[in-house]
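What follows is a set of notes on a single structure, which appears directly below.
All figures in this text were calculated on a predicted structure; none of them were measured in a lab.
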Amino acid sequence: MDERGLPAEEVRKLLSQAQSKDLSYSGGRILGSMCTAPHELGREVFTQFLETNLGDAGLFPGTKELETESVAMIAGLLGLAGTSGFLTTGGTEANILALWAARNKTRKNKIVAPETVHFSVDKACNLLGLELVKTAVDSGKCADLGELESRIDSDTCAIVGVGGTTEYGTVDDIVGLSEIALEKEVYLHVDAAFGGFVLPFLQELGYPVQFKIPDKGVDSITLDPHKMGLVPIPCGCILFTNPETPGFIETEAPYLTLKRQHTVVGTRSGAAAAAAYAVFKHLGREGYREVVKQCMQNTIKLYRGVVKLGLAVRKPTINVVAVDCGPEVYDALGKMGWRLSQTREGEMRIIVMPHVSEKVVKDFLGDLESVAGELRV
Ligand code: 0PR
């Protein structure tokens with residue numbers, strides 16, 4: 001740090017220089033991200049609540065109410081009532097809280113999860129000293145329940161299912177997993193970090209996707225407002241279906257206005273909670289349904305376009321498309337400025353977020369056609 005400060009105008013110039021190196025979702029080239037430009041109202045509200053801290057919520061009871069109401073609205077999306085939960089910094093923290101609670105509740109040390117789980121589950125297990133057993137998935141990239149069940153033993157504390165896998169957007173059979181959890185008496189965590197704000201709306205729109213949180217057998221669910229919820233980063237959410245579960249991750253904070261904490265982070269942003277509340281109230285189910293409808297229509301356009309080009313592509317379940325096009329095509333598209341990502345198996349992975357408009361899909365298909373054509377010659 002310099003001894004003397006700079007005038008704000010000069011600092012702004014420095015920031016603009018740095019920002020000019022960043023990409024923006026509105027630039028229309030980011031196809032491999034599960035985040036998008038936050039809703040305008042969310043941006044505004046975030047700034048308004050910048051000084052609030054939910055780590056000392058007694059000072060900010062109004063903002064704490066917004067968190068509580070946001071969590072209730074998220075639970076309502078899944079048709080759940082009477083759940084408790086917290087907003088988090090994202091899906092990683094939510095998954096850590098879930099497995100932390102499972103470990104402390106059961107005092108066992110093994111997690112069994114399909115190999116399609118997000119790497120935050122690896123991270124959580126590493127952090128919590130848990131052994132992670134990964135099980136095979138079926139040809140549709142969904143958890144093979146027979147295989148998963150066969151790996152549960154007397155050391156298993158929890159199993160995990162995914163509602164919208166990071167790489168393929170596929171959805172595990174949560175009802176089937178809940179039956180296994182009840183029968184084997186293990187904790188079940190559902191990671192719907194991405195799919196939580198997509199699947200309920202796809203179902204309402206009549207898409208043939210199975211995703212239901214049954215009345216019994218599911219212990220916790222991750223669901224991220226900062227992905228398809230259009231809320232500014234950092235905003236994730238953990239829901240606990242049993243109100244006693246948060247007690248297993250409780251830490252005393254004796255001198256604070258609120259005597260107990262249940263999140264990994266201590267000082268935590270109330271701005272994200274206020275922004276989540278605002279965007280949920282403003283968009284309503286109708287608004288989100290429209291966002292998801294657009295994304296899914298563009299997903300189908302992209303899928304059909306890729307099929308037309310004769311490339312191998314998985315039929316998308318949600319707004320995630322995986323194309324088996326080979327590294328040359330992937331690299332050539334990258335050189336043309338497309339920001340894509342790859343699955344662990346090397347497929348090109350495209351997330352059709354709200355910023356991936358119909359025009360972006362059209363432009364991308366045009367470039368894919370020319371690249372694939374040139375490479376074929
Ligand atoms: N669970 C699932 C199913 C996820 O897809 C992710 C993140 C997480 C948990 C962890 O969430 P946080 O990153 O909020 O902690 N999936 C995205 C991914 O790995 C995260 C992401 C988002 C990466 C935007 C890049 C990006 O530009 O792709």
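- Side-chain N/O atoms of T317 and T170 include no donor and acceptor closer than 3.5 Å.
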Checklist line | Derivation and outcome, side-chain hydrogen bond (donor to acceptor under 3.5 Å, both in side chains), residues T92 and K123 | finding: CA-CA 8 Å; T92 302; K123 202 184 267 188; 4.8 Å; no
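- To the nearest 0.5 Å, the span separating CH2 on W100 from NZ on K105 amounts to 15.0 Å.
- Hydrophobic clustering places L309 together with V360 (ILVMFWY residues linked when any side-chain heavy atoms are closer than 4.5 Å, directly or through intermediates).
- Ring pair H39/H282 is perpendicular by interplanar angle, where above 60° counts as perpendicular and below 30° as parallel.
- Looking at V160 and L99, their side chains come closer than 4.5 Å, going by heavy atoms from C-beta outward.
- Atom CG of L199 sits about 9.5 Å away from atom CD1 of I213, to the nearest 0.5 Å.
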Item checked: Derivation and outcome, side-chain contact (heavy atoms from CB on, under 4.5 Å), residues F197 and L77 -> CA-CA 8 Å; F197 274 89; L77 277 185; 3.7 Å; yes
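- Residues P200 and L78 are in side-chain contact: their nearest non-hydrogen atoms beyond the backbone lie under 4.5 Å apart.
- The local environment of CG in D22 is crowded, with over 12 non-hydrogen atoms from other residues, nucleotides or ligands closer than 6.0 Å.
- Between the side chain of R103 and the main chain of L128, a donor-acceptor pair closer than 3.5 Å is present.
- Rounded to the nearest 0.5 angstrom, E347 CD and E167 CD are separated by 8.5 Å.
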Check: Run the side-chain contact (heavy atoms from CB on, under 4.5 Å) check on K293 and Q297 step by step: do they pass?
Finding: CA-CA 6 Å; K293 185 175 164 190; Q297 282 175 353; 3.6 Å; yes
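- Contact of the M348 side chain with the L368 side chain is registered, since non-hydrogen atoms from C-beta on lie closer than 4.5 Å.
- For T36 against Y25, the heavy-atom pair with the smallest separation is C-CD1, 3.5 Å.
- Taking SG of C325 as the start and CG of D331 as the end, the distance is 9.0 Å to the nearest 0.5 Å.
- Cluster annotation: L205 is connected to V320 through the hydrophobic network of ILVMFWY side chains, with a link wherever side-chain heavy atoms come within less than 4.5 Å.
- Closest approach of G90 and T88 over heavy atoms only: O-OG1, 2.8 Å.
- Remark: the backbone N or O of I30 is not paired with any side-chain donor or acceptor of S33 at under 3.5 angstrom.
- Looking at every heavy atom in both residues, P214 comes nearest to I174 through CD-CG2, 4.2 Å.
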Side-chain donor-acceptor distances from residues 268-278 under 3.5 Å, at least two apart:
unit_1, atom_1, unit_2, atom_2, d
R268, NH1, E67, OE2, 2.9
R268, NH1, L87, O, 3.0
R268, NH2, E67, OE1, 3.1
R268, NH2, E67, OE2, 3.1
S269, OG, A271, N, 3.1
S269, OG, A272, N, 3.2

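- When hydrophobic clusters are built by joining Ile, Leu, Val, Met, Phe, Trp and Tyr residues whose side-chain heavy atoms come closer than 4.5 Å, directly or via intermediates, L41 is grouped together with Y288.
- Across I152 and I159, no two heavy atoms sit closer than the pair CD1-CG2, 3.7 Å.
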Using atom types as modelled, flag every donor-acceptor pair under 3.5 Å from a side chain in residues 229-241 to any protein atom, sequence neighbours excluded.
unit_1, atom_1, unit_2, atom_2, d
T241, OG1, V218, O, 2.6
T241, OG1, D219, O, 3.3

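- Within a 6.0 Å radius of CD in Q203, other residues, nucleotides and ligands contribute more than 12 heavy atoms.
- Between E252 and K259 there is no salt bridge, since no side-chain N of the basic residue sits under 4.0 Å from a carboxylate O of the acidic one.
- Residues V306 and Y303 fail the side-chain proximity criterion, which asks for heavy atoms closer than 4.5 Å.
- In this structure, D224 contributes its side chain and G91 its backbone to a donor-acceptor pair below 3.5 Å.
- Taking NZ of K216 as the reference point, atom OG of S178 lies at 11.0 Å (rounded to 0.5 Å).
- Enclosure of atom CD in Q210 is not indicated, since only 12 or fewer non-hydrogen atoms of other residues, nucleotides or ligands lie within 6.0 angstrom.
- The backbone N or O of T263 lies less than 3.5 Å from no partner atom in the side chain of E93, so there is not a single donor-acceptor pair.
- Put simply, the side chain of L59 does not reach to within 4.5 Å of the side chain of N53, judged on heavy atoms.
- Taking every heavy atom of both residues into account, S139 and R314 meet most closely at O-NH1, 3.2 Å.
- A donor-acceptor pair under 3.5 Å is formed between the side chain of D144 and the backbone N or O of E147.
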Item checked: Intermediate values then yes/no, salt bridge (charged side-chain N to carboxylate O under 4.0 Å, His left out), E345 and K141 -> CA-CA 12 Å; E345 290 178 22; K141 297 285 179 195; 2.7 Å; yes
Checklist line | side-chain hydrogen bond (donor to acceptor under 3.5 Å, both in side chains) evaluation trace for T245 with Y187 | finding: CA-CA 11 Å; T245 309; Y187 184 109; 5.5 Å; no
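- A donor-acceptor contact shorter than 3.5 Å links the side chain of D56 to the backbone of T257.
- Ion pairing between a basic and an acidic side chain is recognised when a charged N comes within 4.0 Å of a carboxylate O; E204 and R285 show such pairing.
- Between the D2 side chain and the G5 main chain, no donor and acceptor come within less than 3.5 Å of each other.
- Residue-environment remark: CD (E10) exceeds the threshold of 12 foreign heavy atoms within 6.0 Å.
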Notebook entry, point to check: So R12 and E9, salt bridge (charged side-chain N to carboxylate O under 4.0 Å, His left out) or not? Walk me through it.
Noted result: CA-CA 5 Å; R12 284 195 191 99; E9 218 22 69; 2.9 Å; yes
Item checked: side-chain contact (heavy atoms from CB on, under 4.5 Å) evaluation trace for K281 with M73 -> CA-CA 9 Å; K281 278 285 189 199; M73 284 192 269; 4.3 Å; yes
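- Among all heavy-atom pairs drawn from G163 and V171, the shortest one is CA-CG1, 4.2 Å.
- Side chains of S341 and R349: a donor-acceptor N/O pair is present below 3.5 angstrom, by distance only.
- Between T222 and H189, some side-chain heavy-atom pair lies under the 4.5 Å cut-off.
- Considering only heavy atoms from C-beta on, H118 comes within 4.5 Å of D191 through its side chain.
- With no hydrogens or angles considered, no side-chain donor-acceptor pair links S26 and H355 at under 3.5 Å.
- A continuous path of Ile, Leu, Val, Met, Phe, Trp and Tyr side chains, each step under 4.5 Å between heavy atoms, connects V112 with V186, placing both in one hydrophobic cluster.
- Cluster annotation: L283 is connected to L66 through the hydrophobic network of ILVMFWY side chains, with a link wherever side-chain heavy atoms come within less than 4.5 Å.
- Interatomic distance, Y207 OH to L202 CG, rounded to the nearest 0.5 Å: 7.0 Å.
- Among residue pairs with one or both ends in residues 152-163, those qualifying as side-chain hydrogen bond (donor to acceptor under 3.5 Å, both in side chains) are K110-D153, D153-T156; sequence neighbours excluded.
- F280 is listed as a side-chain neighbour of P225, based on a closest heavy-atom distance under 4.5 Å.
- No hydrogens or angles considered: nothing links the side chains of N319 and T299 as a donor-acceptor pair under 3.5 Å.
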